Amino acid sequence: MADAMLYTLEGDIAVLGAQNPPVNALGLAVRQGLMEGIARAEADGAKALVIYGTGRTYFAGADIREFGKPPMDPYLPDVCLRLEASPLIIVSAMHGTALGGGLEVALSTHYRIAVPSARMGLPEVHLGLIPGAGGTVRLPRVAGVMAALDMVTSGRHVPAAEALDMGVIDRIADGDPREIGIAYARDLIDSGAAPRPVSELPAPEGIDFDAAYAAALAKGRGQLSPAYGVRAVQGACELPFLDALKRERALFSELMETDQRKGMIHAFFSERAVSKLPELEGVAPRDVQALGVIGGGTMGAGIATAALLSGLSVVMLEMSPEAAQAAKDRIAGNLQGALKRGKIDQAGFEHLTEKALTLATEYDALAGADLIIEAVFEEMAVKKEVFRKLDAVAKPGAVLASNTSYLDIDEIASVTSRPADVLGLHFFSPAHVMKLLEVVVGEATAPEVAATGFALGKRLKKIAVRSGVCDGFIGNRILSTYRTAADHMVLDGASPYQIDKVMTDFGFAMGPFAVADLAGLDIGWAVRKRKRAEGLPEGARDSTYVDKLCEDGHFGQKTGTGFYIYEAGKRAGVPNPQVDDLIAAERAEQGITPQDFSDDDILRRYMAAMVNEAAKVVGEGIARRPLDVDMVLLFGYGFPRFNGGPLKWADMVGLEGLLSDIKAYAETDPHFWTPAPLLEQLVAEGRTFDDLNKG
Ligand code: T1G
């Protein structure tokens, strides 16, 4: 028997323990071990068979690394049928996370017990798939159709207590999974229990599956897998058991071939790989227990909140007692959210706000901090002044970080006596919610200081991505380019509302103009004024129609009017008719004859701009790998996860076509559409961005 499943015999109870770290994925050897173990238990004359996982968890699902390769016999659905048909009493004893194929195996056994901390679920939708080994057919039979639809379409993890209430498991017992499994099997044998195949339970009553399908498709904003999950559960209710399994497998196989499955699995592995940089292999981070935060505005308060929730102490430095108190109020407001969601209890709330958080108005208060991050006004002179003071008071070895979203970290570091201790930690607002953290590594930043930035990111449960120093780092630099492409399309004839719709149909939660209204039109206005003051480069296009909105005090959601008009209490706005007139006037002023843009024209230009700038960012070494850019766009800018990220999407649509689009656009605007050298190189060599991820 493959040692992926450890077989032992305890009297008349056979025991199979999965030994496939780190998560006991149901790879080929495990499946073989299960088939051999069942046969051996039956041959040994056992009365019961207990299945559990050694190490940290029961089976956490099929082995995702096998996807896209030819499936290998024994197939998981057959293993499940073999378990279910056995004359032995088969018990699953679960701990950790019984997920996907893991829960499907458990549902194919006859009885299920779990430790209190166990969680179970069918997260296949997050991989662009649905359960493919009977999960959508067996789960409705034990938990009912609504609970099954919830688990299949949301992919959420269900705690053991809830699973017990739902009928997914039969017992909860504290202790070692192997022991509680054997004890339960003993009880079952002694009570004369018989095998209890879920397949023999009646199918539940159906519901209006067409409505559920439409709702899942709308909620997924174009993601297919939740909606396919609805159809598989419908099969469970309307078809005989084996036909329902066939229906599920057909839907699963269809999804396996989609780009959405490739995109979402790319995202799954990339979000784990992105913070593992070869250059930091073996580099020990400095220990961080005490954090200093300078500036208690929205960003500073958000950063302090995230740090407090992860167990760090925080000294919040503001310029006056009143400002410090206001910062504390913001932090307390953020923590109220965590209290309401049950992440902390009242005692925890009081500890964080009264003990772990200290307010200060003098820099000396930061002398004990291991890492200090400033989130003050985005002005170089102001930042330099802060770092001069920090250099004077921070203890030797303290890490000095800036939360700047685009200013030059090297220039900031140059005013200190310890540039090796300086880096950027660019959080995204709200900092205690958004998962993205750009770790901006300067010329002089020491490796262990960069490693400390990643360690802090992990501690705060962020997706940390390394960035080099340039205007806008990775995300904002790319955003600025595709945002400009959208502005150019508006000048040339497209409507901002058509562009927003094309991009929400592509899967973004909001289009670029709705996002501008949300962020505040005054931010873009300030950037345009800064760039005009610096002098626009030769060939750059400018436009002033949005400035006119700002000059009238229209900044978007915060003033109620921008590209859209927002009625009180409504998140979604309606197009502002004033905008079309402003655009028409601008076109006339610039002598532009508006042209029509099809939805496909808009999508290809928008994405070509995003991909081209991303290729420059990778080519210049600002981002280490294409997957780094994908993770920035996924976790900071709402790029639809089922497309994997802009560079994964580019690989799937084809780099050659994108490059020829860019060259065609460059004929009328060579300044904006300069093809990225890396894109040209990959096309010339017939390679993909993904080829660079494996480097
Ligand atoms: N297959 C292969 N590798 C996996 C894996 C899996 N299912 N799950 C995790 N890993 C790797 C992961 O890449 C990482 O590797 C290491 O294990 C630790 O993971 C037929 C078709 C279980 C909650 O979707 O949700 O069953 O980076 O860092 O934070 O119907 O991993 O160390 O090299 O995430 O403690 C369904 C996916 C599959 C579960 C643990 N199952 N995994 O989280 O550790 S499809 C899933 C997770 C399926 C059937 C269908 C989490 C976790 P490395 P980690 P963690």
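All ligand and atom numbering here is 1-based and tracks the order in the structure. Computed from a predicted structure; not experimentally measured.
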* Asked: Any side chain to side chain donor-acceptor pair (under 3.5 Å) pairs touching residues 79-98, not counting sequence neighbours?
  -> E42-R82, E42-S86, T57-T97, Y58-S92, E84-R138, E84-S199, S92-T109
* To do: For the residue pair E248 and T136, confirm or rule out a side-chain donor-acceptor distance under 3.5 Å.
  => yes
Which protein N or O atoms sit under 3.5 Å from any N or O of ligand 1? Give each pair with its distance.
residue  : atom   : partner : partner atom : Å
ligand 1 : 1 (N)  : I64     : N            : 3.0
ligand 1 : 7 (N)  : A62     : O            : 2.9
ligand 1 : 26 (O) : A62     : N            : 2.8
ligand 1 : 26 (O) : G101    : N            : 2.8
ligand 1 : 27 (O) : K276    : NZ           : 2.6
ligand 1 : 30 (O) : E104    : OE1          : 2.5
ligand 1 : 30 (O) : E124    : OE2          : 2.8
ligand 1 : 30 (O) : G132    : N            : 2.9
ligand 1 : 34 (O) : R272    : NE           : 2.7
ligand 1 : 34 (O) : R272    : NH2          : 3.1
ligand 1 : 35 (O) : R56     : NH2          : 2.3
ligand 1 : 41 (N) : A60     : O            : 3.0
ligand 1 : 44 (O) : R56     : NH2          : 3.3

* **Ring-ring centroid check F252 Y228, cutoff 6.0 Å** => no
* Does a salt bridge link R31 with E66, judged by any charged N lying under 4.0 Å from a carboxylate O? -> yes
* side-chain contact (heavy atoms from CB on, under 4.5 Å) with T153: which residues, sequence neighbours excluded? -> P226, V230
* **With F639 via ring pair (Phe, Tyr, Trp, His ring centres under 6.0 Å) - residues at least two apart** => F506, F508
